[in-house]
Trainee: 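Quick one: this structure, given as structure tokens, is what I'll be asking you about.
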Protein chains: 2
Amino acid sequence: MIARKSKHVYIGSAGLYRGGERKDAMTPGMPTIDAAPSESDAPGGVRQRDAANTRQCLLQAARRRFAHDGYAATTVRDIATDAGVNVALINRYFTSKEGLFEACLTRAVEELDRPIPESDTVELMLQTMLRHLAELPSGEHPLGLLLLLRSSGDESAERIRRNTFRHFAERLAAAAGWRPDDAETEHLMLRAQIALSVGFGIVLLRTTSGLEALSSASAGDLAGPLGDVFAALLEPAPDARP
Amino acid sequence: MIARKSKHVYIGSAGLYRGGERKDAMTPGMPTIDAAPSESDAPGGVRQRDAANTRQCLLQAARRRFAHDGYAATTVRDIATDAGVNVALINRYFTSKEGLFEACLTRAVEELDRPIPESDTVELMLQTMLRHLAELPSGEHPLGLLLLLRSSGDESAERIRRNTFRHFAERLAAAAGWRPDDAETEHLMLRAQIALSVGFGIVLLRTTSGLEALSSASAGDLAGPLGDVFAALLEPAPDARP
DNA sequence: ATGCTATGTAAACAGTTGGCGACTTAGGCC
DNA sequence: GGCCTAAGTCGCCAACTGTTTACATAGCAT
């Protein structure tokens, strides 16, 4: 018995994925960014042309696949099918599979880094993390953090990843009082990185461990425990702690 | 320019991997389980036969590859080359790539579950986790936790993964006072799963994020912060916490 | 030695994958 | 209309991947 690659059909909480053999259902219509195929695209209809839209569709589909299955496990054909788009267009718009992944990563980093309220506090960073752990208003899980964990092996993508990690670690550490070259506060960097680990660990186990309580927890459910963790790690304790 | 699969050369902290083109250096000698090729295997020497040994070599090499690169990204030829063994032997001894992965997973679970001191305490679980986060006496990083995060997509392997997660979550939760079907202690399950996330998050970021402080931290360095986290999550706080 | 089996080797196979080049066509502009 | 370019399609390929098959041989019992 050969364990063939699973062409799984995702039925996420809010329809993360539509069925596998999208091609039959979609083409030749206009690629749609989200949810069910729009009513308007008749099966025999005319393929409309909209470069920006197809680009977005590809990005969206790629984000989901990459985040969920990892880089190596997803094929460009998977992505194209999900997006309801011809495979060759991936290379047209993103040069290569690596290019597409890098585009996903870049967009994810932008999303994660958007709210920079100048003065960081541990509390604010905690809320940002919470927002990216839990469900979006649209009902979809945020994929940015997850994407950051899916390495492609490509050098330039890897650099983006590492820079992002370092950037957030430093922001978090700084919010907790860490200052560069200050040996006195050096331990805070490690603690900030551990705090970061918590977030990534949660997002990973939420999506891949099958732990019921964790994967179904809402932002509100996580707020309490996660607040305790951040406080224990980064808030100066009453009794001095090396 | 085609982004070819990187046949990287691992030079781990304690020589996790030896160079990529092992075949030239190793064959035809006896496959060796660890470290540098033993002095005794002359290049023109006779290939010795030792099924148990080659099995172990394959397992070891597979563990490293799977844990480090993920299931999909590692090829059976990679593993065979690392182990200094013919590719076909993977299928002989483990039926398939999936079988080999499952064997790795099973062994990892055994290692993780070894010390069951009957009565679990949060403190003991913390120490167990610490032991699997930090370096082994041999100088190698423990790969068990990491392997648990690398899904193969195979149904039976996935079941092992999930059962292991659930098992440890319940052990940890129980150690903190959780009792099945006791709504009063239900919140402890979520907290235990978050505590688990911390461990997995750390092991993941230690190996893939390039965060210096974290990846070079010793068990002793982690003990303090991690102890704080576990305490904040699982030790009953003086002021009641829902 | 003779045979037998466990072990190991080499080559090939069938399916998949990412990428590319030649082609078609929609839609705007003159 | 005629033309042009961007957008999309189609078929192919070379490389790679997991697996199998046919073959070689070491070690051992007889």
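Lettering of chains follows the sequences in order, A, B, ..., and the numbering in each one begins at 1. The model shown is predicted, which means the values in this text are computed figures rather than measured ones. Computed over heavy atoms, backbone and side chain alike; hydrogens, waters and symmetry mates excluded.
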Trainee: How long is the line joining CZ of B:Phe94 and C1' of C:dG8, in whole Å?
Mentor: 15 Å

Trainee: Could you tell me the separation between the CG atom of A:Leu58 and the P atom of D:dT9, rounded to a whole number of Å?
Mentor: 11 Å

Trainee: Find the distance A:Tyr93:OH to C:dG18:C1' and express it as a whole number of Å.
Mentor: 19 Å

Trainee: Whole angstrom is fine here: how far is it from CD1 in A:Ile79 over to P in C:dG19?
Mentor: 10 Å

Trainee: In whole angstrom, what separates B:Asp50's CG from D:dG27's C1'?
Mentor: 13 Å

Trainee: Given that B:Ala88 and B:Ala51 both sit by DNA chain C, which one's nearest nucleotide is further toward the 5' end?
Mentor: B:Ala51

Trainee: Any side-chain N or O of B:Asn86 under 4.0 Å from OP1/OP2 of C:dG8?
Mentor: no

Trainee: Without decimals, in angstroms, what is the distance between A:Asn91 CG and C:dG18 P?
Mentor: 10 Å

Trainee: Please verify the inter-ring angle class for B:Phe101 with B:Tyr71; under 30° counts as parallel, over 60° as perpendicular, anything in between as tilted.
Mentor: perpendicular

Trainee: Taking the nucleotide of DNA chain C with the nearest heavy atom to each, does A:Arg92 or A:Val76 sit closer to the 5' end?
Mentor: A:Val76

Trainee: Send over the distance from B:Ile90 CD1 to C:dA10 P, rounded to a whole Å.
Mentor: 15 Å

Trainee: For C:dG8, take OP1 and OP2 only and decide whether either is under 4.0 Å from a side-chain N or O of B:Thr54.
Mentor: yes

Trainee: Roughly how many Å is it from CZ in B:Arg49 to C1' in C:dC4, rounded to a whole number?
Mentor: 13 Å

Trainee: Would you tell me whether B:Thr81 and B:Asp78 have side-chain atoms, one donor and one acceptor, within less than 3.5 Å of each other?
Mentor: no

Trainee: Distance criterion of 3.5 Å, no angle test: do you see the side chain of A:Arg77 paired donor-to-acceptor with the base of C:dT16?
Mentor: no

